[in-house]
Structures are given as C-alpha cells and as structure tokens.
Amino acid sequence: MYESKNIPNDWIPNLDKVNEICIFKYEERKNPKSLIEAFYLEFKKQENIILNLQTYIFMHPNGRDINIVLDELENVKNEILKKYKYLNKENLPEINIISNVIPTEMMPHLFKVMDAFVLPSNEGFGLPFAEAMAMELPTIALNYSGQLEFMNNNNSYLVSIDKSNNKRREFMIPNIESFKRTNA
C-alpha cells in the first residue's frame, strides 16, 4: 500500500541506513537538544544510522528556511562538543533536516520508509506517537505525559525522566543515559 518510491529523494538521502525520524516544531518543550545530545553520545559517523528531523524553528519569521534550521543545529552541535570534550566533530553521526511542509497524505509514506520514531517531548495526547505506532514503527517517548494513555513498556520504548534536572520546570526532560540506551 505504501511504497518508498513516493518519497522525494531529497527528503531522505540514504534509505540503506537505519532511519529514525522525529517530527516536531523546534522549541524547548519538544526537547530537541536532549534528542541530539543522546544521538551524538550513542552513535558514531561510521555506524549505519541517520536521525531525520522534520522540523522548523517555531516563532521564527523564516523558520522553515533550511539554512535557519541548519544554523540552529550547528549551534546545538557546538554546545554538545563543548560539554563533551571527548567527542570529535568529524565523527558525529548524520542528522538529516527536512524543513519543508510534508503534505498529510505523504505522512504514511514517510513513516513506512522509517525504522523508528522518536520524540522526547511532553505531549497533551501524543498524536505523532499514535500515528507512528499505527504505521507499526518502533516508537520512543518520554515515560511521562499524555502519551502514556496508550503507550507502555509492552508497546513502546519509554525513556525515564531526569528528576534531578526537572525541579521547577514546566516540562520534563529525558534522562540522557536512559535515552541513549533506548536509541541503541
């Protein structure tokens, strides 16, 4: 029913690798920095994996401009490299950015060519998780928030929250060590 030939080549550059996808608007509540940090800590460039981020910079007048999104990714990468001095920029795994709007009718086709869905976010209900699970994708989420109405340890990969870093926060962040193991 859903064939990868329907996906434009510039969306997903290498379908021969393991492809994880995260679909979100780029804002603090969605925890993009935690996702990227865990991905960089867990994988190396030589490994057969790509993290695909279908995103845009929320509240930015040109937030869908690929260069704006790439600049933000570069800033996050530099923050992580400062924090973890042992990481080598040339050895970081690949992250692919999709900043354009994907038509609703194309979403099942995109999910079908993916190997996993990941989103370390606090959601009211968690529609992206439900959609990914409906497409039979292994799904990684925080063990917190609205998605727990239908996600559990039997049907999902739930990431523990970092209780020490969540005091007086309006949203939860993942425990990076737990998150790394979940992505592996």
Side-chain angles (χ1 to χ4, degrees), residues 1-15 17-40 42-43 49-60 62-77 93-151 155-159 171-174 179 182-183:
M1 182 171 169
Y2 302 106
E3 298 178 20
S4 61
K5 68 180 179 182
N6 295 324
I7 299 298
N9 291 338
D10 61 335
W11 287 4
I12 311 299
N14 192 340
L15 289 172
K17 291 190 173 190
V18 173
N19 278 275
E20 290 187 346
I21 191 159
C22 183
I23 299 170
F24 64 105
K25 62 183 176 186
Y26 197 102
E27 64 175 341
E28 190 177 11
R29 182 178 66 85
K30 300 293 185 175
N31 287 315
K33 292 179 181 181
S34 296
L35 171 62
I36 295 166
E37 181 178 344
F39 187 70
Y40 282 163
E42 188 63 31
F43 300 106
I49 190 163
I50 297 175
L51 175 60
N52 296 280
L53 303 179
Q54 197 282 318
T55 192
Y56 64 97
I57 306 299
F58 184 60
M59 299 297 287
H60 189 288
N62 298 313
R64 290 226 180 252
D65 182 323
I66 187 71
N67 294 314
I68 302 290
V69 180
L70 289 172
D71 286 346
E72 177 61 22
L73 179 61
E74 189 64 25
N75 291 338
V76 171
K77 183 188 301 183
E94 183 178 354
I95 295 179
N96 175 49
I97 301 294
I98 307 165
S99 64
N100 55 312
V101 176
I102 297 178
T104 303
E105 65 273 8
M106 290 300 293
M107 291 305 294
H109 300 283
L110 180 62
F111 279 137
K112 195 64 178 171
V113 298
M114 291 294 123
D115 299 294
F117 178 83
V118 57
L119 181 59
S121 177
N122 302 262
E123 298 294 323
F125 170 71
L127 184 60
F129 301 113
E131 291 171 336
M133 293 172 75
M135 293 300 298
E136 301 179 342
L137 277 177
T139 304
I140 303 166
L142 281 183
N143 192 5
Y144 181 81
S145 203
Q147 63 264 18
L148 297 182
E149 290 296 318
F150 57 90
M151 297 177 81
N155 65 10
S156 310
Y157 299 95
L158 298 176
V159 176
F171 55 86
M172 296 293 135
I173 59 171
F179 202 15
T182 306
N183 273 294

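Between Asn52 and Leu110 the shortest side-chain heavy-atom distance does not fall below 4.5 Å. You'll find the side chain of Met151 reaches within 4.5 Å of the side chain of Thr139, heavy atoms only. Contact check for Cys22 versus Gln54: no side-chain heavy atoms found under the 4.5 Å cut-off. The closest side-chain heavy-atom distance from Phe39 to Ile49 is below 4.5 Å. Between Val18 and Ile50 there is no side-chain heavy-atom pair separated by less than 4.5 Å. Side-chain contact check for Pro32 versus Phe24: some heavy-atom pair is nearer than 4.5 Å. Residues Leu158 and Tyr144 form no side-chain contact, since every pair of their non-hydrogen atoms from C-beta on lies 4.5 Å or further apart. Looking at Val69 and Tyr26, their side chains never come closer than 4.5 Å, going by heavy atoms from C-beta outward.
Shown here for Pro103 and Trp11, the closest heavy-atom pair between the two residues is CD-CH2, 4.2 Å. The heavy-atom pair separating Asn62 from His60 by the smallest distance is N-ND1, 2.9 Å. Smallest separation of non-hydrogen atoms from Tyr40 and Ile95: OH-CD1, 3.5 Å.
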Run the side-chain contact (heavy atoms from CB on, under 4.5 Å) check on Ile36 and Leu53 step by step: do they pass?
-> CA-CA 10 Å; Ile36 295 166; Leu53 303 179; 4.2 Å; yes
Please walk me through it: do Leu73 and Ile97 pass side-chain contact (heavy atoms from CB on, under 4.5 Å)?
-> CA-CA 9 Å; Leu73 179 61; Ile97 301 294; 4.0 Å; yes
Between Ile23 and Phe117, is a side-chain contact (heavy atoms from CB on, under 4.5 Å) present by the stated rule, with each step listed?
-> CA-CA 8 Å; Ile23 299 170; Phe117 178 83; 4.3 Å; yes
Please report the C-alpha distance between Met133 and Asn155 in whole Å, then the side-chain angles of each, then the deciding distance to 0.1 Å, and finally whether the side-chain contact (heavy atoms from CB on, under 4.5 Å) criterion is met.
-> CA-CA 9 Å; Met133 293 172 75; Asn155 65 10; 3.6 Å; yes
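Applying the side-chain contact (heavy atoms from CB on, under 4.5 Å) test between Val113 and each of Leu15, Ile21, Asn19 identifies Leu15 as the sole match.
Atom-to-atom distance recorded for Leu137:CG and Ser156:OG is 11.5 Å, nearest 0.5 angstrom. Here the straight-line distance linking atom CG of Leu35 with atom CD1 of Ile140 works out to 9.0 Å at 0.5 Å rounding. One distance of note links CZ of Phe111 with CD of Glu131; it measures 5.5 Å at 0.5 Å rounding. Rounding to the nearest 0.5 Å gives a distance of 9.5 Å between CD of Glu27 and CE of Met59.
Within the 3.5 Å criterion, the main-chain N or O of Leu119 finds no donor-acceptor partner in the side chain of Asn31. Under the 3.5 Å distance criterion, the side-chain polar atoms of Asn100 are left unmatched by any main-chain donor or acceptor of Ile98. The closest donor-acceptor contact from the side chain of Ser145 to the backbone of Glu123 lies under 3.5 Å. A donor-acceptor pair under 3.5 Å is formed between the side chain of Gln147 and the backbone N or O of Leu142. At distances below 3.5 Å, not a single donor-acceptor pair connects side-chain atoms of Arg64 with backbone N or O atoms of Tyr56.
Heavy atoms from other residues, nucleotides or ligands lying under 6.0 Å from NZ of Lys33 number 12 at most. The environment of CD in Glu74 is crowded: more than 12 heavy-atom neighbours from other residues, nucleotides or ligands sit within 6.0 Å.
Looking at residues two or more places apart in sequence or on another chain, you find no ring pair (Phe, Tyr, Trp, His ring centres under 6.0 Å) involving Phe58.
For Phe150 and Phe129, the ring centers are positioned 6.0 Å apart or more.
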